[in-house]
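Single-structure report; data block below.
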Amino acid sequence: VQLQASGGGLVQAGGSLRLSCAASGRTVSSYSMGWFRQAPGKERESVAFISRSGGNTYYTDSVKGRFTISRDNAKNTVYLQMNSLKLEDTAVYYCAAKANSISSGIYYGASQYNYWGQGTLVTVSS
């Protein structure tokens with residue numbers, strides 16, 4: 001599967017963005033999906049995950065209540081709605097897909113993901 005992340009950009013603190021991760025080559029419903037991010041000079045960190053069924057989600061503490069991960073299998077796309085953005089949300093955001101996942105499974109480690117998108121830059125300004 002090939003993943004194409006988009007939707008990043010420059011936004012003021014407190015604003016919103018919606019990232020999209022479009023899959024091609026195989027249907028996204030075959031994969032558990034995740035969003036990760038890497039800020040300048042920092043290690044990559046987990047942001048949010050969604051099970052193959054869409055019934056289970058997970059958020060890292062710093063984005064809970066502000067970000068929402070969702071998937072539209074009919075459109076072969078996974079989304080990350082980001083609200084109340086903060087300066088510290090500035091990063092390159094990557095979507096990733098994990099094969100061989102159970103329908104309700106959530107997978108937390110980046111090493112478990114088989115396919116990665118190219119990243120989309122989110123810059124939050126004051």
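All figures in this text were calculated on a predicted structure; none of them were measured in a lab.
- The CD1 atom of Ile50 sits 9.0 Å away from atom CG of Asn56, with the distance rounded to the nearest 0.5 Å.
- Thr77 and Ser20 get closest at one heavy-atom pair: CG2-CB, 4.1 Å.
- With hydrophobic clusters built from ILVMFWY side chains whose heavy atoms lie under 4.5 angstrom apart, Trp35 shares a cluster with Leu3.
- Not one N or O on the side chain of Gln118 forms a donor-acceptor pair closer than 3.5 Å with the backbone of Gln4.
- Not one N or O on the side chain of Arg71 forms a donor-acceptor pair closer than 3.5 Å with the backbone of Gly54.
- To the nearest 0.5 angstrom, Thr27 atom OG1 is 4.5 Å from Asn76 atom CG.
- One hydrophobic cluster, built from ILVMFWY side chains closer than 4.5 Å, holds both Val92 and Phe36.
- Residues Leu87 and Ser125 approach most closely at CD2-C, 3.6 Å, considering heavy atoms.
- Inter-residue side-chain proximity for Ile69 and Val78 is flagged as met; some heavy-atom pair is nearer than 4.5 Å.
- Each of Thr90, Thr123, Val124 was compared with Val11 under the side-chain contact (heavy atoms from CB on, under 4.5 Å) criterion, and only Val124 meets it.
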Would you please test Lys98 and Phe49 for side chain to side chain contact (heavy atoms under 4.5 Å, CB included) and show each step? CA-CA 11 Å; Lys98 178 190 170 10; Phe49 305 108; over 6 Å; no
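- Ile102 and Val1 are not part of a single hydrophobic cluster, where members link through side-chain heavy atoms under 4.5 Å apart.
- Arg37 and Ala91 make their closest contact through CB-CB, 3.8 Å (heavy atoms, listed as atom of the first residue, atom of the second, distance).
- Ala23 and Arg26 make their closest contact through CB-O, 4.2 Å (heavy atoms, listed as atom of the first residue, atom of the second, distance).
- Remark: Lys64 engages Asp61 in a salt bridge, criterion side-chain N to carboxylate O under 4.0 Å.
- Following chains of ILVMFWY side-chain contacts shorter than 4.5 Å, one cannot reach Tyr115 starting from Tyr108, and the two form parts of different hydrophobic clusters.
- Taking every heavy atom of both residues into account, Met82 and Val122 meet most closely at CE-CG2, 3.8 Å.
- Contact record, Tyr107 with Ser32: CD1-OG, 3.4 Å, taken as the closest heavy-atom pair.
- Between the Asn83 side chain and the Ser16 main chain, no donor and acceptor come within less than 3.5 Å of each other.
- Contact of the Cys21 side chain with the Met33 side chain is registered, since non-hydrogen atoms from C-beta on lie closer than 4.5 Å.
- Separation of atoms CZ (Arg52) and OG (Ser101) is listed at 5.0 Å; rounding is to 0.5 Å.
- Placement of Tyr59 and Leu85 within a single hydrophobic cluster is found when ILVMFWY residues are connected by side-chain heavy-atom separations under 4.5 Å, directly or transitively.
- Residues Phe67 and Tyr79 place their aromatic rings such that the two centres sit no closer than 6.0 Å.
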